[in-house]
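One structure below.
In what follows, chains carry the letters A, B, and so on, assigned in the order in which the sequence lines appear, proteins first and then strands, with residues in each chain numbered from 1. Remember, predicted model here, so these are calculated numbers, not experimental data.
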Number of protein chains: 2
Amino acid sequence: MANIKDIARIAGVSITTVSRVINGHPYVSESKREAVLRAMKEADYERNINAVHLIKGRTGLIGIMVPSIKRPYFALVVEGIAEEALRRGYKLVLIQTDYEEERELEALRMLKHKQIDGLIVCSKTSGWSAFETYLEYGPIVAFEDARGSRVPSIFIDHYRAFTEALDYLWDKGHRRIGFCLARRSGTSSRQRIEAYRDFLIRKRRPFEESCVFDDTIHVEDGGPVVERLLDMQHPPTALLVTSDQVAAGILARCRELELEVPRRLALVAFDDQPLARVLGITTFAIPLQEIGAKLFRQVLEGGAGHTEIPVRMIERGTV
Amino acid sequence: MANIKDIARIAGVSITTVSRVINGHPYVSESKREAVLRAMKEADYERNINAVHLIKGRTGLIGIMVPSIKRPYFALVVEGIAEEALRRGYKLVLIQTDYEEERELEALRMLKHKQIDGLIVCSKTSGWSAFETYLEYGPIVAFEDARGSRVPSIFIDHYRAFTEALDYLWDKGHRRIGFCLARRSGTSSRQRIEAYRDFLIRKRRPFEESCVFDDTIHVEDGGPVVERLLDMQHPPTALLVTSDQVAAGILARCRELELEVPRRLALVAFDDQPLARVLGITTFAIPLQEIGAKLFRQVLEGGAGHTEIPVRMIERGTV
DNA sequence: GTAGAAGATGAAAAGCATTTCATGTCAAGC
DNA sequence: GCTTGACATGAAATGCTTTTCATCTTCTAC
């Protein structure tokens with residue numbers, strides 16, 4: 001394909017002039033501009049973007065690290081990021097990690113390689129220090145509580161939200177409260193477990209391992225929770241569920257088994273995804289799309305610091 | 001940051017030798033290899049990938065054109081693509097189009113620019129001719145019935161599936177069958193409308209505009225459908241719903257209004273997403289993730305032709 | 001009338017790695 | 001002793017665009 005040199009030759013001008021026309025710089029006479037444009041059309045010229053990237057040292061690409069895009073939670077964040085990226089003329093590179101450190105590292109290497117101009121970490125498994133090391137190569141921002149690290153973050157105080165939810169259920173008369181987590185080792189899970197333990201201490205109640213259900217991530221993970229519940233001597237009367245999807249799965253199985261919600265089992269979920277609205281699930285509103293947009297803006301501006309996103313409970317019919 | 005020239009200088013070898021070490025070419029003596037590796041470590045060298053892209057004319061990036069990633073349907077396809085991409089060492093550029101032609105065109109331009117090595121079109125609004133024009137710049141593959149065009153495709157015969165579903169409902173005694181569509185102008189919607197019209201002709205039944213519900217895309221679009229149904233003099237007794245999400249929304253509203261499914265309203269949906277499994281929705285299994293993987297393989301291999309993906313109905317409890 | 005600014009243009013450097021081609025060494029084989 | 005092939009190495013070309021610097025012209029203002 002034709003390159004800028006060819007165009008210069010065809011139009012009878014220098015390469016510089018062609019570049020000026022392409023980039024809209026001033027100081028090009030109308031006649032030459034037209035000649036260049038004509039030549040470009042004639043030769044079906046298209047700028048080789050990789051040469052531009054090389055010389056500019058930027059690519060207009062932002063990396064998004066997500067464990068799995070099929071989880072609506074992340075899909076919503078990415079949607080928010082994508083909308084903002086579009087508005088700013090950036091493209092996104094999707095890096096699906098499945099929580100494997102090696103893949104997370106590869107995303108960081110892309111930053112060092114200058115293949116991406118910045119990196120948005122939606123969730124991760126490696127320690128913060130790995131990310132801090134790469135901070136010098138380009139902006140990174142995380143959607144996870146990174147306070148205490150040098151990685152800028154936009155986060156939700158899960159300790160506070162969980163505490164609020166627990167108190168709410170307690171006030172509604174629930175004395176045995178269980179909860180569902182995704183990965184036990186995740187940052188937010190650890191905060192939630194801490195909130196749970198502190199709550200129990202405050203209420204002088206014993207911690208019971210049987211009340212925590214982990215690895216509940218997808219809608220189909222809800223059913224088994226209900227079955228385990230039914231097998232218990234003293235099952236919890238309320239469940240805090242860290243994802244609307246799982247809550248929907250629980251709700252569906254409860255209906256099948258004619259276990260009344262909220263009479264027999266109360267549910268408080270998180271995210272306020274459309275599904276929760278439709279099913280009337282009491283949940284914490286987390287503005288995932290807006291958070292996505294914020295993440296994008298922050299990574300572009302390269303700002304430091306940690307921003308908390310407030311969440312609030314939306315009462316519907318499951319408590 | 002250090003470049004290959006610096007490394008060559010530090011290691012006391014030529015640039016070529018450094019390049020050989022980096023790329024694992026043979027014919028490098030052990031002593032020089034070590035010297036180069038030492039120099040690379042010392043100078044914290046990282047290859048500038050954009051220079052590599054420039055000279056190779058490839059980027060290891062595949063573009064994915066999706067209208068909106070937050071729709072689970074597309075998220076699942078992308079998940080499948082991403083898994084396969086990872087296996088093959090490719091990265092993905094997400095191009096969210098929102099069905100705007102300008103953005104679709106921009107994705108095509110990326111192919112021409114050589115910013116991406118290939119393009120997967122999950123759904124689109126522009127005509128095929130636009131895509132055909134760009135076929136010369138790199139492989140394109142579409143997840144949409146492109147028979148009759150030169151764009152390779154992996155597709156589902158929606159005419160056939162719809163016909164099968166209609167006959168099934170007819171055999172179950174339904175005489176008034178309505179259906180929900182996403183965008184009316186989409187390729188699959190047109191095929192489905194055709195199937196519906198042909199079905200009515202075959203059964204000597206009149207076409208009634210009030211039985212088609214369009215722009216139903218998300219889970220929250222289900223409720224309004226039920227409300228419109230209740231307002232009708234002679235509402236359909238069965239609904240074909242082109243997405244599990246919408247079917248879930250319909251089901252939820254039916255329960256709220258105590259409209260028994262399937263006694264008062266039967267539902268057949270499409271996709272067989274996890275949500276449909278959990279809610280016991282009768283639906284057509286479309287292996288979206290596998291299709292994603294297939295799309296990726298095809299775009300890599302640059303194969304032509306059209307491949308039909310067979311679908312089959314899964315009977316659950318909504319008919 | 002002249003200094004200085006503004007406008008116009010192009011040569012060349014810079015950005016960086018890969019690959020081809022040329023050259024040289026050494027050992028095996030006849 | 002000489003040819004041939006395998007192994008080693010580097011100079012230079014290649015991929016393509018942006019940007020700096022230098023040069024030249026043409027006004028404008030005093």
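- Rounded to whole Å, atom P of C:dA8 lies 11 Å from atom NZ of A:Lys32.
- Distance B:Met40 CE to C:dA17 C1': 13 Å, rounded to the nearest Å.
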Exercise for review: Just do the side-chain contact (heavy atoms from CB on, under 4.5 Å) check on A:Ile69 and A:Gln96 with the steps written out, would you?
Suggested key: CA-CA 7 Å; A:Ile69 192 73; A:Gln96 192 158 313; 3.5 Å; yes
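- What separates CZ of B:Arg58 from P of D:dT14 is a distance of 20 Å, to the nearest Å.
- Here the C1' atom of nucleotide D:dG10 and the CD1 atom of B:Ile15 are 10 Å apart, to the nearest Å.
- When each of A:Ser31 and B:Lys5 is assigned the nucleotide of DNA chain C with its nearest heavy atom, A:Ser31 is the one assigned upstream, toward the 5' end.
- When the nearest nucleotides of DNA chain D are assigned to B:Ser14 and B:Leu54 by heavy-atom distance, the more 5′-ward of the two goes with B:Ser14.
- Straight-line distance from the CD1 atom of B:Ile55 to the C1' atom of C:dT20: 11 Å, rounded to whole Å.
- Rounded to an integer number of Å, the gap from B:Arg33 CZ to D:dG10 C1' is 17 Å.
- Look at A:Tyr27 and you won't find any side-chain N or O under 4.0 angstrom from OP1 or OP2 of C:dA8.
- Under the 4.5 Å side-chain criterion, counting only non-hydrogen atoms from C-beta, B:Ser243 is not in contact with B:Ile217.
- Residue contacts shown for B:Asn50 are absent, as no nucleic acid heavy atom lies under 4.0 Å away.
- Using a 4.0 Å cut-off between charged nitrogen and carboxylate oxygen, B:Arg109 and A:Glu46 do not count as a salt-bridge pair.
- The side chain of B:Asn23 lies closest to C:dT18 when the candidates are C:dT18, D:dT19, D:dC16.
- Ring pair A:Tyr73/A:Phe143 is parallel by interplanar angle, where below 30° counts as parallel and above 60° as perpendicular.
- If you check every strand for non-hydrogen atoms under 4.0 Å, A:Val13 touches sugar and phosphate atoms only.
- Of the candidate nucleotides C:dA17, C:dT9, D:dG10, C:dT9 has the atom lying nearest to any side-chain atom of A:Ser29.
- Here the P atom of nucleotide C:dA17 and the CD1 atom of B:Ile7 are 9 Å apart, to the nearest Å.
- The phosphate of C:dG10 has neither OP1 nor OP2 within less than 4.0 Å of any side-chain N or O from A:Thr16.
- Put simply, the side chain of A:Val36 does not reach to within 4.5 Å of the side chain of A:Val28, judged on heavy atoms.
- Residue contacts shown for B:Val28 are limited to sugar-phosphate atoms, with no base heavy atom under 4.0 Å away.
- Checked by distance alone, A:Thr17 brings no side-chain donor or acceptor within 3.5 Å of a matching partner on the base of C:dA8.
- Residue B:Ser19 is classed as a base contact, given a heavy-atom separation below 4.0 Å to a base.
- OP1 and OP2 of C:dA17 both lie 4.0 Å or more from every side-chain N or O belonging to B:Arg20.
- B:Asn48 places its CG atom 13 Å from the C1' atom of C:dT18, with the value rounded to the nearest Å.
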